Q: 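One structure is given below, represented as structure tokens, and several questions about it will come after.
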Amino acid sequence: MSERPFLRMDNIHKSFGEIIVSAGVTLEVEEGEIHSLLGENGAGKSVLMSILCGILSPNSGQIIYKGRPLNIGSPREAIRHRIGMVHQHFMLVPNLTVAENYVLGQGSPLRLIHDMEKVHARIRELSDRYGLGVRPDAVIEDLSVGEQQRVEILKVLYHGTDLLILDEPTAVLTPQETDRLLDLMRGLVKDGKTVIFISHKLDEVMRVSDRISVMRDCRVVHTTRVADTDPRELARLMVGRDVLMELPRAPADPGDVVLSVEGLSCRNDLGLPALRDIGLQVRRGEIVGVAGVSGNGQTELALAIAGLLPIDSGRLALNGRDITGLSPAEINARAFAHIPEDRHKMGILMPLSLAENAILERYDQPPFAARGMLQRRRIAAHTRDLIARFRIKTPDEEERIANLSGGNQQKLVVARELARDPDFILVSQLTRGIDIGAIEFILQEMLKQRDAGRAILLISTELEELFAICDRILVMFHGQILGEVPADRSRLEEVGLLMAGQKAGHVAQEA
Amino acid sequence: MLDILTLGFLATLLGAAWRLATPLIFASIGEVISERAGVLNIGLEGTMLMGAFCGFAASFATGSIPLGLAAGIAAGMAFGLIFAFFTITVKANQIVVGAAINLLGLGLTAFLFRTYYVSTGRGVDIARPVRIPWLSDLPFFGEALFRQNLIVYSTVLVTVLAVILLYRSSFGLTLRAVGDHPKAVDVAGRSVAAYRYGAVLIGTGLAGLGGAFLTLGHSNQFVEGITSGRGFIALAVVVFARWSPVGAFFVSLLFGLFYALQLQLQAQPMLNIPYQAFQALPYLMTIVALIVVGGKSAAPRKLGTPYDER
Ligand SMILES: Nc1ncnc2c1ncn2[C@@H]1O[C@H](COP(=O)(O)OP(=O)(O)OP(=O)(O)O)[C@@H](O)[C@H]1O
Ligand SMILES: [Mg+2]
């Protein structure tokens, strides 16, 4: 323990009613380091950081920052002390521009906004300096999640910060974007800033951290220098048991075609061509992966298959029956399950309870409805079953899903979709925001589904995830499928090249 | 021949439209500000009634129109404070509290009026028209449009101020954020509740002013239910105007035009249509407007939802 740590959170206790979310956390961070925080979903990482920047007030405990106690429970105090946080769920107002978001809440409310040009210039300058590519006049709701992430990071830098907290910033980033972010973090530390970094991806954590703290059951259980540890030990500390880094699986035994896509073309919501002549098949008992740098049409592919995006041409068939042009509800009714890439937009309804969210697609069908009435007891029993099987961390099934940690929300979506006993499962970004213990479990669950004869299409920017469970991998580039590669780790480089648009030594033509 | 098609008729119609739109302009711009902060105040009708009555009473007692207007604004804000306390601090349902405010306004003003004023039978002075030099000399339209009282002219000022407040001030920026993503405002270190109180008080103050106009700038008397649904029409105006103050000004004018048309048409002996049909015109228009505009695409995302900070 150092004499005068830069930051010391001391014996922090926090509970929401009966539910304890911080059970005497003590965390020390030194000046100028990158300090990673690891822990299972619901371990209390986000809560702890929200306490640090004044958004939540703890029940007891104190925070010493730069040698002085911090006035706890006031966001203004944190801002004044140049503590900045990029939240797991973004804090950007969707209908305002980037620049307006940055000046939000700054200065006297009675001030007129007249010097926006200066703000724009300052944003452009900072954006160039850190290579973030943020346009000050862009409206937030028009930006992709990756772009919003950069907007959030630049917001903290714009306000000036000594301590930067990044809560799972890489969950929504592509590997390339992640590399740039890690470089940025190193650059910030060189500028004398201190970074607290939360991530579930051990390789990133090992690459970038100086020290690592592991949280478990709402406490910090271990802090170590990165040189003194390895991923296996970290995983064990987090989960409390050994985690399989490599899943055992039998070779696939593909059967009949379940999903077939022929000549699919469509436009994105800006009216630009997003998919060009896509053809693919998924058979019973196999997992087909779709790799690609995000923004190459994967989002539109998933939406088009699910009936959520009108298509220009092409044919979609499920179990040999044409589903082209059917509504999402009609497609859903044909044993079609969908785990969407953005759970907040499409997977769950935040104001509803866990139980209500668990039956979203089936609330009007038996056994959950009878004679037009919801069968509360059956719904509760069903939800409790999902909670137990997927180890979702929640007080009970009546809890509002908004109160769950991000990873636990994702677990509910996965649990709900698998529980529908589908023939075909469309999955985007399966493990976004999920801890390694749960990833292991969910990937195993996917393999079980495969072995039970289901057809699975897994769209992911996470190569690790694709190689872990897929049988073959299709690579998308500029709205086309550029090639197919067997999911064998020895072919990793080939996949990488295809993702960059290079096919067998040639650079693909941009049509 | 009907004299509907003459320029003179048109000018009179427009002048009357502006006058009749005035209470709507105040109330709907106030409601735009309130709803932009995420607070849906359906208690406008009751609030306007309160403004109308208190404006009348203050002016009756003092003989001063400015004092009457100030009393109308204050009365509106007093109702706003009640509304804000229950919806923002206690986090009660905004629709329910709004409905209660309407009933309270209707009952309270009727009771007070009957108790203290009905027997006097006297009215108050009404704000006098003021000619605007040069503009009122314009051919055809000058006389009809620019011989209004100051309250009517002030609708333009209020619209401009509302635009500056919402789009050019730091307060307005935060206020709009409060209606869309209150948590972001909380994180930025500002109190969501304080901004919502502010928005509601501005909104109800304007509604009170709109009510006071009815007794001090339009008729010189208070009558039970004098607002006759204008508070509800203002709510529709906000939707039709897509939550923009300038939009609210012009949509209110459009409604004012229907009120004026209704009055003029009633006065046309050649039209053999029962006058009630014309009276229904503005209300019919409200329903049509809501159907045409429909949707909620422009509505603040957190409209009607209390903010839970935990
Ligand atoms: N507002 C709230 N009300 C009730 N419980 C809450 C609230 N916010 C968080 N919790 C609970 O606190 C616990 C810790 O949540 P937290 O978000 O800190 O987890 P986390 O470690 O960040 O997990 P993840 O990796 O999934 O993001 C969870 O069990 C969660 O359900
Ligand atoms: Mg979290």
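Please read all numbers here as calculations on a predicted model, not as lab measurements. We use all heavy atoms of the structure for the numbers below, so side chains are in, but hydrogens, waters and symmetry mates are not. Convention: sequence-line order gives letters A, B, ...; per-chain numbering from 1.
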Q: Taking the side chain as C-beta and beyond, is there a heavy-atom pair between A:His89 and B:Lys183 under 4.5 Å?
A: no
Q: Using the side chain to side chain contact (heavy atoms under 4.5 Å, CB included) definition, which of the options A:Leu96, A:Val93, A:Leu104 pairs with B:Arg176?
A: A:Leu96
Q: Does A:Lys393 have more than 12 heavy atoms from other residues, nucleotides or ligands lying within 6.0 Å of its NZ?
A: yes
Q: Could you grab the distance from atom CE of A:Met116 to atom CG of B:Leu173, nearest 0.5 Å is fine?
A: 7.0 Å
Q: Side chain, backbone, both or neither: which part of A:His159 has an atom under 4.5 Å from a heavy atom of chain B?
A: neither
Q: Can you confirm whether A:Ile20 is buried at CD1, in the sense that more than 12 heavy atoms of other residues, nucleotides or ligands lie under 6.0 Å from that atom?
A: no
Q: Can you say whether A:Gln106 sits under 4.5 Å from chain B via the side chain, the backbone, both, or neither, judging by heavy atoms?
A: backbone
Q: For A:Pro75 and B:Gly189, which heavy atoms make the closest approach, and how far apart are they?
A: CB-CA, 3.8 Å
Q: Is it true that, when you exclude A:Arg82 itself, more than 12 heavy atoms of the residues, nucleotides or ligands shown sit nearer than 6.0 Å to its CZ?
A: yes
Q: How would you list, in number order, the residues of residues 158-172 of chain B that have a heavy atom less than 4.5 Å from chain A?
A: B:Ile164, B:Arg168, B:Ser169, B:Ser170, B:Phe171
Q: Top residue by heavy-atom pair count (under 4.5 Å) with chain B, among A:Gly54, A:Cys53, A:Pro94, A:Ser57?
A: A:Pro94
Q: Under the side-chain contact (heavy atoms from CB on, under 4.5 Å) criterion, do B:Arg190 and A:Arg76 qualify, and how do the steps go?
A: CA-CA 8 Å; B:Arg190 300 285 166 182; A:Arg76 284 232 220 164; 3.5 Å; yes
Q: Does any N or O in the side chain of B:His181 come within less than 3.5 Å of the main-chain N or O of A:Asn95, such that one atom is a donor and the other an acceptor?
A: no
